[in-house]
Amino acid sequence: MDKARLFINKYRYFFLAFILLEVLLYLVSYYIYTSNSEQYTLQKVKEFKIGISAVTHHFELTSNSFYTDICAVSNLNALLREATSADGVKKDEIRRIIYARIQPIHSHMKAANLEYLSFFLPDNQALMRFEEPEFYGDNVGQSRLLVAITNSTHKPQSGFEIGLASAGYRFVYPIFDSLGYVGCVEIGVGFTGIRNELKRIFPYELRFLIEKDQLLNTTPFVKLDNFSFSDLSEGFMYEKPSLSAFENDTTSAFVKNSTIIKFNKDAKKEIENSLNTKKTFGQSRKLTAGDVFALFLSIESPNKQTASFIIAYAHDSTIVAYKRDHYILFAVTSLLGITVIILVGFNYNKNKIIKANRDQLVLSEKQLKEINASKDKFFSIIAHDLRNPFHGLVGLTQVLVEDGESLESERIKKFHRLLYDSAKQGYQLVLNLLEWTRIQTGRLVISPEKIHIARLIDDCQMLIRNAAESKHIRISTRVDNSLFAYADENMLSTVLRNLLSNAVKFSYPGSEVLVKASLVNNMAEVTITDFGLGMDKQTMDNLFKIEVSQSSAGTEGEQGTGLGLILCREFVEKNHGTLTFTSELGKGSSFCVRIPLS
C-alpha cells in the first residue's frame with residue numbers, strides 16, 4: 001500500500017496530465033458524436049416535416065373537395081339556420097335529416113381516411129358528430145379553438161387539435177345561406193389516417209402521444225376511457241383504438257411491436273427527460289432485434305402549445321454507428337495519449353534521476369564539508385571546555401601539595417569547594433558528551449510511557465531546590481494536576497531539570513522562576529520562565545548550534561557545559577515533541593516544551 005502511494009505521489013503530475021488529457025479527448029470525441037447525431041436528427045426532422053406537410057396538404061385538398069360536396073347538399077344551410085333557434089325535438093329531427101343526406105358523402109370520406117365529420121352552430125354548440133352521433137349539444141368554445149375562431153371570423157381554419165375522444169388534424173369551414181353565416185362544418189383525419197399516408201412515404205412504424213393536461217382540458221370525463229397512460233412518460237397518453245390497431249397491424253410493420261416495447265423500456269429515462277422539454281428530438285438504441293432510431297416530432301395545437309408527439313421508429317444504425325465511432329476514437333486517441341505520456345514521463349524521470357543524483361552528490365559534498373568543519377570546531381570547543389576544569393584541578397591540587405601545611409583551614413575548605421566544582425563541571429561535560437554521542441550513533445534507547453507531569457515537575461524541583469534557595473529564588477508552579485504526557489521519563493526529566501537549572505542559574509538573587517503546565521492543542525505544554533539575564537539576538541541565533549560555544553556564566557558566576565540545551569532539544573524531538581523559546585536581553589527567557597499525549 002505504501003509503495004503504491006509512493007508511486008502515485010512520485011508520478012502525480014503525469015497522472016494529472018493523463019486524466020486531463022483523457023477528459024479532453026473524451027469531450028472532443030463526445031462533441032463529434034453529439035454534433036453528428038444532432039446533424040443527422042435535424043436532417044431526419046427536416047425530411048419528416050416535409051412528409052407531414054405533404055400528408056396534411058393532401059388531406060386539406062381532399063377536405064376542400066368534400067366541403068364543396070357538403071355545401072351542395074340540398075337545403076343544408078337552411079337546416080342549419082333553422083337549428084340555431086329550434087327546440088330539442090326539432091333539432092333531433094334536423095339531425096336525422098342531415099345525417100341521411102350527408103351519410104353517402106361521409107362514407108366516401110372514411111374511404112379517404114377522413115374519419116371525422118361534425119357540424120357546429122354559430123354559438124359553438126355541437127349540432128351533430130357523425131363519429132359520435134349520440135354526443136351533441138355541448139359548447140366547444142373553450143375546448144375547440146378552430147371552431148371558435150371560424151365562428152368568430154367566418155373564415156376557414158386548420159390545425160392539430162384534440163377532439164371529443166380523439167386527436168388529429170382538423171379542417172373547419174364556414175357555411176352561409178342567402179342571409180349570412182349559419183355555422184361551420186369540421187372535417188378531420190385521425191392518427192390512423194395520418195399513419196397510413198406517412199407509411200406510404202417513409203419506412204417507419206408510427207405511434208402517437210397526446211399531452212395529458214391538454215387532453216384532460218378538452219375531453220369529457222366519460223370519454224377518458226378511450227385513452228391510456230403511455231409507457232414513456234406519465235405526462236403523455238396513448239389513444240387506445242388507434243394504438244390497438246397499430247399493434248395488431250403486422251401486414252406493413254417496418255419495426256415489430258415487440259421491438260418498440262423493448263426500445264421504449266430501455267430508453268425510457270432519456271426519452272422522458274426529453275419529452276418534458278416539449279421539443280423535437282431523436283433517440284437511438286442498439287437492440288438484439290437490430291439498431292433502432294426513433295424520431296419524436298412535437299406537434300403544436302392552435303394555441304402554440306405542444307399537444308402531441310408523432311413517434312417514427314425505424315431500423316437505422318446511423319447514430320449507433322456514430323456512438324461506436326465515438327468510443328473507437330476515444331480509445332485510439334487515449335492509447336496514443338498514454339503512449340506519449342509514458343515516453344515523456346520515462347524521459348522526464350530519467351533526466352530527473354540524473355539531476356537528482358547530481359544534486360545529491362553536490363549536497364553530500366557540501367554537507368560533508370560542513371560536518372567536517374563543524375567537527376573540527378566542536379572538538380576545538382570540547383578541548384577548550386575540558387581544559388578549563390582540569391586546569392583548575394591541576395592548579396588547585398598543586399597549591400595544596402606545595403603549600404598545604406601552611407594554609408589556614410578556611411582557605412583549605414575554599415580550595416576543596418573549588419576542586420569539587422571543577423571536578424563536577426568536568427564530569428557533567430563528559431556525561432553530556434556521552435549522551436550526545438549515543439544520540440548521534442543511534443544507540444540511545446527510548447522507552448515511552450504515560451507520565452504524570454505534575455509529579456515529574458515536583459521531582460525536578462527537589463533536585464534544584466538547594467541551588468534556588470542559595471540564591472533566594474522562589475519557584476512558582478501553575479500545573480494542571482490531571483495532565484499526562486507520553487514520553488521517555490528519564491529523557492523528559494533530564495530536559496525539565498536542565499531547563500529549571502538554567503532558569504535558576506540565569507535568574508537574579510531574590511527573583512522568581514515560573515513553571516506552567518497545561519493542555520494546549522492536544523499537547524502537554526510545559527513553560528519555564530525566568531526574569532533574569534535574557535539573551536541577545538546573536539546568542540539566540542546560535543543557541544542550538546553545536547559548533548558554536550554557548551557556555552555562559554550565571555548571575556553568580558555559575559558555569560555550564562554548553563551542551564545542555566542541545567541535548568534538551570534532541571531528547572524532546574526524539575519523543576515527537578518541540579522545544580521553543582523567547583528571550584529579551586535584561587528581562588529574562590521563556591522555554592516551552594510540547595509533548596504528545598499518546
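Index from 1, following the sequence.
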Answer yes or no: is there an ion pair linking [X] with [Y], defined by an N-O contact shorter than 4.0 Å?
| X | Y | value |
| --- | --- | --- |
| D138 | R144 | no |
| D177 | R81 | yes |
| E272 | K269 | no |
| D87 | K90 | no |

For this session: Answer with yes or no after comparing the ring centroid distance for F59 and Y169 against a 6.0 Å cut-off, counting only values under it.
Result: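 That pair fails the under 6.0 Å test.
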Exercise. Given the side-chain rings of F48 and Y204, with only the six-membered ring counted for Trp, is the space between their centroids under 6.0 Å?
Worked result: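 Close enough - the centres of the two rings lie under 6.0 Å apart.
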Exercise. Do D316 and S284 come close enough that some side-chain heavy atom pair is under 4.5 Å?
Worked result: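 Side chain of D316 against side chain of S284, heavy atoms only: no contact under 4.5 Å found.
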Angle between ring planes, [X] versus [Y], binned at 30° and 60°: parallel, tilted or perpendicular?
| X | Y | result |
| --- | --- | --- |
| F309 | F236 | perpendicular |
| F263 | Y313 | perpendicular |
| Y173 | Y67 | parallel |
| F246 | F208 | tilted |

Exercise. Distance under 6.0 Å and angle within 45° of the ring axis: does R170 meet both against Y116?
Worked result: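 The answer is yes; both the distance and angle limits are met.
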Problem set entry | Residue pairs fulfilling side chain to side chain donor-acceptor pair (under 3.5 Å) with at least one residue in residues 48-59, sequence neighbours excluded |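 Qualifying pairs: none.
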